[in-house]
Number of protein chains: 2
Amino acid sequence: MTAPQMAEIAALVGDPARANILSTLFDGRALTATELSYAARVTPQTASGHLAKMTQAGLLTVLKQGRHRYYRLATPLVAQMLESIMAVAASAPPRYRPRTAQEDRLRVARTCYDHFAGKLGVSIADALCERKHVILSDDGGEVTEAGLAFLKELGATFPAQTRRPFCKHCLDWTERRFHLSGVVGAAITSRCFDLGWVRRERNPRALQITPKGQEGFRRSFGFSI
Amino acid sequence: MTAPQMAEIAALVGDPARANILSTLFDGRALTATELSYAARVTPQTASGHLAKMTQAGLLTVLKQGRHRYYRLATPLVAQMLESIMAVAASAPPRYRPRTAQEDRLRVARTCYDHFAGKLGVSIADALCERKHVILSDDGGEVTEAGLAFLKELGATFPAQTRRPFCKHCLDWTERRFHLSGVVGAAITSRCFDLGWVRRERNPRALQITPKGQEGFRRSFGFSI
DNA sequence: CCGTTGCTTCGGGCGGGGCCGAAGCGTCGA
DNA sequence: TCGACGCTTCGGCCCCGCCCGAAGCAACGG
């Protein structure tokens with residue numbers, strides 16, 4: 001049976017402190033053990049234990065750099081797993097959840113692994129579909145010629161060839177609609193950072209849209225946010 | 001933060017007994033509480049507690065019928081979550097796992113929610129792609145005209161319209177390749193059962209391919225299994 | 001009715017695992 | 001070389017939650 005192994009992985013995610021850590025690493029960045037202990041609201045030695053377990057189980061990888069140890073999600077597969085658990089968690093309980101300002105900011109714009117999510121991510125996907133720059137089928141997507149031209153004009157660049165899916169959609173768990181992931185999603189996101197259209201907030205997953213970004217998104221994508 | 005809710009869901013999956021139950025329900029069938037207690041290897045009263053928790057959390061739904069209570073996965077979203085956890089569990093630990101005969105049978109042919117998976121599922125997907133009956137993009141799929149004709153000839157029927165994705169792929173966690181899901185995957189699977197090409201083993205997730213099936217798959221799809 | 005069967009609730013035992021204080025180990029900077 | 005810092009290991013406390021025995025409830029069948 002495969003159930004025991006599944007239980008083992010799920011149990012790792014099932015602890016609040018560890019869930020906090022994973023959720024903090026969700027956008028793909030690498031953070032030090034101490035930073036993560038702070039995010040998890042436990043002492044460093046406790047966090048250390050959690051990190052060791054998750055690393056051994058293959059959920060995280062660690063990079064030693066000087067006296068720091070940078071932890072990050074081991075593979076995109078792990079991120080996808082977290083996303084799907086969040087999707088169930090968000091949909092399942094019709095239970096009470098007093099929305100916090102924090103959460104509202106996440107709802108507007110955040111990163112999901114390495115691409116935009118939230119209202120911003122969905123708006124971008126909508127805009128590109130609207131103009132036929134991207135054709136989203138029920139389960140994937142492709143970029144049209146016009147779309148490639150648009151990306152070039154925007155200044156978004158991406159590796160010529162890679163094994164990673166080129167254009168992919170990703171179910172947004174707050175908007176309950178699709179945003180873009182894959183190489184294209186990452187390229188657009190990275191470009192917007194470079195243009196200074198978005199900035200990270202103190203909470204590393206939440207994004208702030210700059211005035212320049214407001215203008216840029218309106219002019220290039222045709223939506224206000 | 002959404003982490004606590006994620007932890008709650010994951011913790012439910014993280015208990016071995018509950019993981020057994022979920023894994024048993026993974027193919028989408030509905031089973032009674034007692035059957036599930038047997039699958040989980042715990043007493044009925046213990047299982048009852050687990051089932052209540054999972055139902056309350058929205059992972060399961062229950063159908064009362066006489067003095068029986070049939071439990072099943074609440075939504076396909078839950079099945080997808082389990083699949084993605086299994087994918088991580090299968091890939092993550094380079095740890096020792098003495099393959100059992102049981103597992104080997106699962107590797108050959110099983111159902112995943114309501115469509116084929118394992119070697120059989122992947123072979124079917126391959127055959128349909130090979131003949132251009134289905135075009136699989138990196139993240140979705142569509143059925144060609146020729147493909148529709150083929151399905152008709154096979155006798156596979158499906159609802160004219162439904163909100164469910166028509167043709168979808170699903171990463172197979174044993175083969176590490178794609179098999180078909182969505183309406184098309186379910187239709188093919190259902191038809192093969194009707195034709196007597198496959199049969200359920202005692203372990204409800206594992207499938208047995210009948211001699212008639214061997215012949216049928218060879219003639220209709222062009223592969224031997 | 002009464003017994004059987006399917007399922008649940010209740011109560012208490014017990015083990016696993018999260019948590020922190022203290023201490024140890026390696027790296028960096030002066 | 002010495003202290004500061006980041007991180008880990010160790011040991012012990014304590015609590016959560018899994019588990020089962022016993023009993024209660026509801027749905028059949030005779």
Side-chain angles (χ1 to χ4, degrees), chain A residues 1 3-25 29-57 59-72 74 93 204, chain B residues 1 3-25 29-57 59-72 74 93 204:
Chain A
M1 279 306 257
Q5 305 158 48
M6 178 172 77
E8 205 173 319
I9 297 296
L12 285 174
V13 186
D15 173 79
R18 285 192 295 255
N20 273 325
I21 291 175
L22 290 170
S23 153
T24 303
L25 293 175
R29 286 170 320 129
L31 296 179
T32 68
T34 309
E35 287 173 311
L36 291 171
S37 81
Y38 185 74
R41 303 182 181 286
V42 292
T43 58
Q45 63 268 33
T46 299
S48 176
H50 288 313
L51 292 170
K53 277 184 193 176
M54 292 194 283
T55 303
Q56 177 150 28
L59 295 185
L60 304 180
T61 56
V62 57
L63 181 74
K64 296 171 78 163
Q65 218 166 76
R67 54 183 165 182
H68 297 278
R69 298 209 177 178
Y70 287 91
Y71 287 89
R72 61 185 310 166
Chain B
M1 279 303 258
Q5 306 158 48
M6 178 172 79
E8 205 173 319
I9 297 296
L12 285 174
V13 186
D15 174 80
R18 286 193 293 258
N20 274 325
I21 291 175
L22 289 170
S23 153
T24 304
L25 293 175
R29 288 170 319 131
L31 296 179
T32 67
T34 310
E35 288 173 311
L36 290 171
S37 79
Y38 185 75
R41 303 181 181 288
V42 291
T43 57
Q45 63 268 32
T46 299
S48 176
H50 288 313
L51 292 170
K53 277 183 194 175
M54 292 194 283
T55 304
Q56 178 150 27
L59 295 185
L60 304 181
T61 56
V62 58
L63 182 73
K64 296 170 77 161
Q65 219 165 74
R67 55 182 165 184
H68 297 277
R69 298 208 177 178
Y70 288 91
Y71 287 90
R72 60 184 311 166

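Side chains are part of it too, since the values below use all heavy atoms of this structure and drop only hydrogens, waters and symmetry mates. Numbers restart at 1 for each chain; the letters A, B, ... are given by sequence-line order, proteins then strands.
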Peer 1: Atom CD of A:Q56 to atom C1' of D:dT9: distance rounded to whole Å?
Peer 2: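 That distance rounds to 15 Å.
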
Peer 1: State whether A:T46 places a side-chain N or O below 4.0 Å from either non-bridging phosphate oxygen (OP1 or OP2) of C:dC20.
Peer 2: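 Affirmative; the distance criterion is met.
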
Peer 1: C:dT8, OP1 or OP2 - any side-chain N/O from B:Y71 closer than 4.0 Å?
Peer 2: yes

Peer 1: Could you check if a side-chain atom of B:L22 sits within less than 4.5 angstrom of a side-chain atom of B:L60, using non-hydrogen atoms only?
Peer 2: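 Result yes, sub-4.5 Å side-chain heavy-atom pair found.
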
Peer 1: When we call it a touch if two heavy atoms are under 4.0 Å apart, what does A:K64 touch: a base, just sugar-phosphate, or nothing?
Peer 2: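 Result for A:K64 = nothing.
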
Peer 1: Taking the side chain as every heavy atom from C-beta outward, state whether B:T24 and B:L31 have any atom pair closer than 4.5 Å.
Peer 2: yes

Peer 1: Excluding sequence neighbours, so at least two apart, what forms side-chain contact (heavy atoms from CB on, under 4.5 Å) with B:Q45?
Peer 2: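 B:T43.
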
Peer 1: Could you state the atom-to-atom distance from CZ of B:R41 to C1' of D:dC20 in whole Å?
Peer 2: 17 Å

Peer 1: A:R18 side chain to B:A7 main-chain N or O, any donor-acceptor pair under 3.5 Å?
Peer 2: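 Answer holds: no.
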
Peer 1: Side chain of A:S48 only, heavy atoms from C-beta on: which candidate in D:dC19, D:dT8, C:dT8 is closest?
Peer 2: D:dT8

Peer 1: Write down the atom of B:A33, the atom of B:Y71, and the distance for their closest heavy-atom approach.
Peer 2: CB-CE1, 4.0 Å

Peer 1: Atom CZ of A:R69 to atom C1' of D:dT9: distance rounded to whole Å?
Peer 2: 12 Å

Peer 1: Give a yes/no answer on whether the side chain of B:K53 brings an N or O atom under 4.0 Å of OP1 or OP2 in D:dC18.
Peer 2: yes

Peer 1: Expressed in angstrom and rounded to an integer, what is the separation of B:Q45 atom CD from D:dC20 atom P?
Peer 2: 7 Å

Peer 1: D:dC16 C1' sits how many Å from B:E8 CD, rounded?
Peer 2: 14 Å

Peer 1: For the side chain of A:H50, counting heavy atoms from C-beta on, which of D:dT8, C:dT8, C:dC19 is nearest?
Peer 2: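 Looking only at heavy atoms from C-beta outward on A:H50, the closest nucleotide is C:dC19.
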
Peer 1: Looking at residues at least two apart in the chain, or sitting in another chain, which of them share a side-chain contact (heavy atoms from CB on, under 4.5 Å) with B:A17?
Peer 2: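 With neighbours one apart ignored, the set is B:D15, B:A40, B:V42, B:H50.
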
Peer 1: Is there a side-chain contact between A:L63 and A:R72 in this structure, where contact means two heavy atoms from C-beta onward sitting under 4.5 Å apart?
Peer 2: no

Peer 1: When every nucleotide of nucleotides 24-30 of chain C is labelled 5' to 3' by its protein contacts under 4.0 Å (heavy atoms), B for base, S for sugar-phosphate only, - for none, what sequence of letters results?
Peer 2: ---BB--

Peer 1: Specify the separation, in whole Å, of atom CG of B:D15 and atom P of D:dC20.
Peer 2: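 So the CG-P distance, B:D15 to D:dC20, works out to 11 Å.
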
Peer 1: Relative to the 5' end of DNA chain D, which residue comes earlier, B:A11 or A:H68, by the nucleotide with the nearest heavy atom?
Peer 2: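 On the 5' side of the pair lies A:H68.
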
Peer 1: When we call it a touch if two heavy atoms are under 4.0 Å apart, what does B:T32 touch: a base, just sugar-phosphate, or nothing?
Peer 2: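 Sugar-phosphate, backbone atoms only, no base.
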
Peer 1: So what does A:R18 touch, heavy atoms closer than 4.0 Å: a base, only the sugar-phosphate, or nothing?
Peer 2: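 Sugar-phosphate, no base atom in range.
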
Peer 1: How close or far is atom P of D:dA27 from atom CG of B:L63, stated in whole angstroms?
Peer 2: 15 Å

Peer 1: Can you tell me how far C1' of C:dG6 sits from CG of B:L36, to the nearest Å?
Peer 2: 13 Å

